[in-house]
Colleague: 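Next up is a structure, given as C-alpha cells.
For the single chain, residues carry numbers from 1 onward in sequence order.
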Amino acid sequence: MRDFDYARAESLSGAAGQLGEEARIIAGGTNLLDLMKIQVMTPSRLVDITRIDGLKDISEDGQGLRIGALVTNSELAADPRVRNGWPLLSRAILAGASAQIRNKATTGGNLLQRTRCPYFYDTAMPCNKRSPGEGCAAKEGEGRMLAILGTSEHCLAAHPSDMAVAMAALRAEVELRSAQGETIRIPLAELYRLPGDRPDRETVLAPDDIITAVYLPAPLADTRQVYKKVRDRASYAFALVSVAAAVAMDGDRIARVSCAFGGVAPQPWTDASMEESLVGAAPSDEVFGQAADRVLEHARCHPETEFKKPLLRRTLIAALREATGLAASAPGVETARIPA
C-alpha cells in the first residue's frame with residue numbers, strides 16, 4: 001500500500017474542500033482498502049466522513065424513506081420499515097457478501113463499489129477501467145463473470161452490487177452534495193455511466209461530489225416483490241445473474257411491473273420496453289419468455305458468457321412467475337407481498 005494522507009471531516013463542506021482527483025472518501029472501506037492494498041487504487045488522501053452528522057439515519061420522507069449514505073447494509077436490511085415496505089431491498093442486501101462485511105459496508109459505498117473483473121484486480125494485466133488506453137485483457141481471457149449488456153470494445157466488466165439492483169427496480173433516487181454546495185437528487189439509473197471509450201469514468205459524480213442519501217419512493221400497494229440471485233455457491237458469491245422484480249396485478253392481468261438485472265451489465269440494468277410489454281398481459285411462460293428476449297436482443301457475449309443468455313431468461317421467467325402468482329411460493333423462496 002502506498003503512503004497517503006488521512007483527513008477526518010466534520011462537515012460536508014469540510015469534506016468537499018479536501019476532495020479532488022487524487023483523493024477518495026472512506027467510510028466502511030470494505031472495497032476501497034482491498035484495492036489500495038494491491039495498488040489498483042492509489043489515492044493520495046483519504047477523507048473520512050464517518051463523523052459527519054445526519055448521514056447515519058433512516059427517516060420517513062412522506063410515504064417513502066430517506067436512507068443516509070452511512071447507514072450500514074446490515075442496519076438497512078434489518079430496518080422494520082424496509083422489511084415491510086421494500087422487502088426486495090432487504091432480501092437483495094442479505095444475498096450479498098457476508099454478515100461481517102454487511103456490518104461495515106455503507107449504503108453510499110455499496111453503490112460505488114468497483115467491478116470484480118479479475119483483470120481489473122491484476123495490475124500485471126492491461127485494463128482500460130484501471131488505466132485508460134491500456135487495453136482489455138478480458139476480451140481474450142477468462143470471461144465467466146463478465147457483462148453481456150451495455151458493454152463496449154473497451155470494457156466488458158460487470159457491476160457487482162446486489163443492493164443497487166434492488167434499488168434500481170424500486171426506482172430509488174440518489175441525493176448528492178454537489179461541488180457547488182447544492183443538494184440535488186437524481187434517479188439511481190442516472191448515477192452510472194456506460195463504459196464507452198472511458199470505462200474508468202463509472203459515474204456522473206465530480207471529484208468533490210458526495211453521496212449523502214438514497215430515497216425510496218412510497219411502496220406500491222398490493223405489489224409482490226421478488227429477488228432471485230444465481231451464483232456459484234450459496235453465500236459470499238457475486239451474481240452470475242440476478243433479477244429484482246416488483247409486480248402489481250389487476251385481476252388476472254399485469255397492472256405494473258418494475259425489473260432490474262444484476263451480473264450482466266456495467267450497472268444495474270433496466271429495460272423500459274420490456275416492462276411496457278408486460279403491462280396488460282396475462283401471466284404465462286410464453287409472455288415472460290418474450291419479455292426476456294427483449295432484454296437480450298442487444299446482448300454481446302464473450303465466448304464464456306453465452307450461458308448467461310439462457311440463464312437470464314430462465315431466472316426472469318422464474319421471478320415473474322412468483323411475482324405474478326403464477327407459481328406458488330415454496331419454503332425459502334425470496335418473495336414477499338406488500339399488503340393493500
Colleague: Is the shortest side-chain heavy-atom distance between Leu205 and Leu112 below 4.5 Å?
Modeller: yes

Colleague: If we only count heavy atoms from C-beta on, is the Leu188 to Leu111 side-chain gap below 4.5 Å?
Modeller: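 The answer is yes; the side chains approach within 4.5 Å.
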
Colleague: What I'd like to find out is whether the side chain of Ile317 reaches to under 4.5 Å of the side chain of Arg321, using heavy atoms alone.
Modeller: yes

Colleague: Strictly distance-based, threshold 3.5 Å: is any side-chain N or O of Asn103 a donor or acceptor partner for the main-chain N or O of Ala99?
Modeller: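 The answer is yes, because a donor-acceptor pair under 3.5 Å joins these two groups.
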
Colleague: Would you check if the side chain of Lys129 reaches a backbone N or O of Pro199 as a donor-acceptor pair within less than 3.5 Å?
Modeller: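 The answer is yes, because a donor-acceptor pair under 3.5 Å joins these two groups.
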
Colleague: Test side chain to side chain contact (heavy atoms under 4.5 Å, CB included) on Ser277 and Gln290; report intermediate values, then the result.
Modeller: CA-CA 9 Å; Ser277 73; Gln290 291 170 351; over 6 Å; no

Colleague: Rounded to the nearest 0.5 Å, what separation is found between the CZ atom of Arg8 and the CZ atom of Arg51?
Modeller: 4.0 Å

Colleague: Where is the tightest heavy-atom contact between Ala15 and Ile52, given as atom of each residue plus distance?
Modeller: CB-CD1, 4.2 Å

Colleague: How close do Ser98 and Tyr236 get, heavy atom to heavy atom, and via which atoms?
Modeller: N-CD1, 3.7 Å

Colleague: Is His154 close to Pro195 at the side-chain level, that is, under 4.5 Å between some pair of heavy atoms?
Modeller: no

Colleague: Does Thr115 use its side chain to pair, donor to acceptor, with the backbone of Ala158 at less than 3.5 Å?
Modeller: yes

Colleague: Is it true that the NZ or CZ of Arg114 lies under 6.0 Å from the centre of Phe120's six-membered ring and within 45 degrees of the ring axis?
Modeller: no

Colleague: Under 6.0 Å from the CZ atom of Arg201, do we count more than 12 heavy atoms belonging to anything else shown?
Modeller: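 No, because the 6.0 Å sphere around CZ of Arg201 holds 12 heavy atoms or fewer from other groups.
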
Colleague: Heavy atoms only: give me the nearest Ala291-Met274 pair and the separation to one decimal.
Modeller: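 Scanning both residues, the minimum pair turns out to be O-CG, 3.2 Å.
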
Colleague: Is a side-chain donor or acceptor of Ser44 paired with a backbone partner of Glu22 at a separation under 3.5 angstrom?
Modeller: yes

Colleague: Are Arg231 and Arg233 packed together at the side-chain level, in the sense that at least one heavy-atom pair is separated by less than 4.5 angstrom?
Modeller: no

Colleague: Write out all pairs satisfying salt bridge (Lys or Arg N to Asp or Glu O under 4.0 Å) with one or both partners inside residues 62-72, taking only residues at least two apart or from two chains.
Modeller: Arg66-Glu175

Colleague: With a 4.5 Å heavy-atom cut-off, do Pro268 and Tyr192 have their side chains touching?
Modeller: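 A side-chain contact exists here, since the closest heavy-atom pair is under 4.5 Å.
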
Colleague: Same cluster for Phe288 and Trp269 if Ile/Leu/Val/Met/Phe/Trp/Tyr side chains link at under 4.5 Å?
Modeller: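 Yes; Trp269 is reachable from Phe288 via cluster members.
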
Colleague: Measure the CG-SG distance between Asn128 and Cys136 for me, rounded to the nearest 0.5 Å.
Modeller: 6.5 Å

Colleague: Can you see which heavy atom on Leu70 is nearest to which on Thr50, and at what distance?
Modeller: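 Smallest interatomic distance, heavy atoms only, reads CD1-CA, 3.6 Å.
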
Colleague: Can you sort out the partners of Ser258 under side-chain hydrogen bond (donor to acceptor under 3.5 Å, both in side chains), two or more places apart, ordered by chain and number?
Modeller: Arg171

Colleague: Under a 4.5 Å side-chain heavy-atom rule over Ile, Leu, Val, Met, Phe, Trp and Tyr, are Leu32 and Leu191 clustered together?
Modeller: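 Different clusters.
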
Colleague: Output the distance between atom NE2 (His302) and atom NZ (Lys308), rounded to the nearest 0.5 Å.
Modeller: 11.0 Å

Colleague: Can you confirm if the NZ or CZ of Arg144 lies within 45° of the ring axis of Phe307 and under 6.0 Å from the centre of its six-membered ring?
Modeller: yes

Colleague: Does some side-chain heavy atom of Met167 sit less than 4.5 Å from a side-chain heavy atom of Ser161?
Modeller: no

Colleague: Using 4.0 Å as the upper bound for N to carboxylate O, is an ion pair formed by Glu190 and Arg185?
Modeller: no

Colleague: If only atom types and distance count, is the side chain of Trp86 paired as donor or acceptor with the main-chain N or O of Pro217 below 3.5 Å?
Modeller: yes

Colleague: Just so I know, are the side chains of Leu19 and Ile210 near enough to count as touching, which here means a heavy-atom distance under 4.5 Å?
Modeller: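 The answer is yes; the side chains approach within 4.5 Å.
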
Colleague: What are the two closest heavy atoms between Glu153 and Arg300, and how far apart are they?
Modeller: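 Closest heavy-atom pair between Glu153 and Arg300: OE2-NH2, 2.6 Å.
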
Colleague: Do you know which of Asp162, Leu89, Ile93 makes side chain to side chain contact (heavy atoms under 4.5 Å, CB included) with Tyr227?
Modeller: Asp162

Colleague: Any donor-acceptor pair under 3.5 Å linking the side chain of Arg130 with the backbone of Asp122?
Modeller: yes

Colleague: Evaluate the criterion side chain to side chain contact (heavy atoms under 4.5 Å, CB included) for residue pair Ile38 and Thr123; output intermediate values, then yes/no.
Modeller: CA-CA 8 Å; Ile38 58 176; Thr123 56; 5.7 Å; no

Colleague: Quick check on side chain to side chain contact (heavy atoms under 4.5 Å, CB included): which of Leu278, Leu320, Thr223 does Val247 satisfy it with?
Modeller: Leu320

Colleague: Look up atom CG in Leu94 and atom OG in Ser235, then write down how far apart they are to the nearest 0.5 Å.
Modeller: 12.5 Å

Colleague: Okay, side chain of Gln63, backbone of Ala218: is any donor-acceptor separation there less than 3.5 Å?
Modeller: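 No; judged by distance alone, with no hydrogens or angles, the pair does not exist.
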
Colleague: Would you check if the side chain of Tyr119 reaches a backbone N or O of Ala157 as a donor-acceptor pair within less than 3.5 Å?
Modeller: no

Colleague: Treat each ILVMFWY residue as a node, draw an edge where side-chain heavy atoms are under 4.5 Å apart, and state whether Leu88 and Ile58 are in one component.
Modeller: yes

Colleague: Under a 4.5 Å side-chain heavy-atom rule over Ile, Leu, Val, Met, Phe, Trp and Tyr, are Val264 and Leu146 clustered together?
Modeller: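 No, separate clusters.
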
Colleague: Start with the C-alpha gap between Val295 and Leu149, add the side-chain angles, then the distance that decides, and say whether side chain to side chain contact (heavy atoms under 4.5 Å, CB included) holds.
Modeller: CA-CA 9 Å; Val295 178; Leu149 297 166; 4.0 Å; yes

Colleague: Is the side chain of Ser284 donor-acceptor paired with the backbone N or O of Val287 at a distance under 3.5 Å, no angle test?
Modeller: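 Between the backbone of Val287 and the side chain of Ser284 there is a qualifying donor-acceptor contact (under 3.5 Å).
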
Colleague: Which heavy atom of Ala95 sits nearest a heavy atom of Lys229, and at what distance?
Modeller: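 Shortest heavy-atom separation between Ala95 and Lys229 comes out as O-NZ, 2.8 Å.
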
Colleague: Is there a side chain to side chain contact (heavy atoms under 4.5 Å, CB included) between Met36 and Arg24? Walk through the geometry before answering.
Modeller: CA-CA 11 Å; Met36 290 175 65; Arg24 291 292 183 271; over 6 Å; no

Colleague: Could you measure the distance from the CE atom of Met41 to the CG atom of Asn31? Nearest 0.5 Å is fine.
Modeller: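 The CE atom of Met41 sits 8.0 Å away from the CG atom of Asn31.
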
Colleague: Sort and list the pairs that fulfil salt bridge (Lys or Arg N to Asp or Glu O under 4.0 Å) and have at least one residue in residues 249-271, not counting sequence neighbours.
Modeller: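 Of all non-adjacent pairs touching residues 249-271, none passes salt bridge (Lys or Arg N to Asp or Glu O under 4.0 Å).
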
Colleague: Please determine, by modelled atom types, if Thr72 and Ser74 share a side-chain donor-acceptor pair under 3.5 angstrom.
Modeller: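 Not at all, the side chains of Thr72 and Ser74 share no donor-acceptor pair under 3.5 Å.
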
Colleague: CG/Asp57 to CG/Leu65 distance, rounded to the nearest 0.5 angstrom?
Modeller: 12.0 Å

Colleague: Can Gln113 and Asn110 be counted as having a side-chain donor-acceptor contact under 3.5 angstrom?
Modeller: yes

Colleague: Verify the cluster assignment for Leu170 and Ile211: are they in a single hydrophobic cluster under the rule of side-chain heavy atoms below 4.5 Å apart?
Modeller: yes

Colleague: Could you tell me whether the side chain of Arg102 and the main chain of Gly96 form a donor-acceptor pair under 3.5 Å?
Modeller: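 Yes: the side chain of Arg102 pairs with the backbone of Gly96.
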
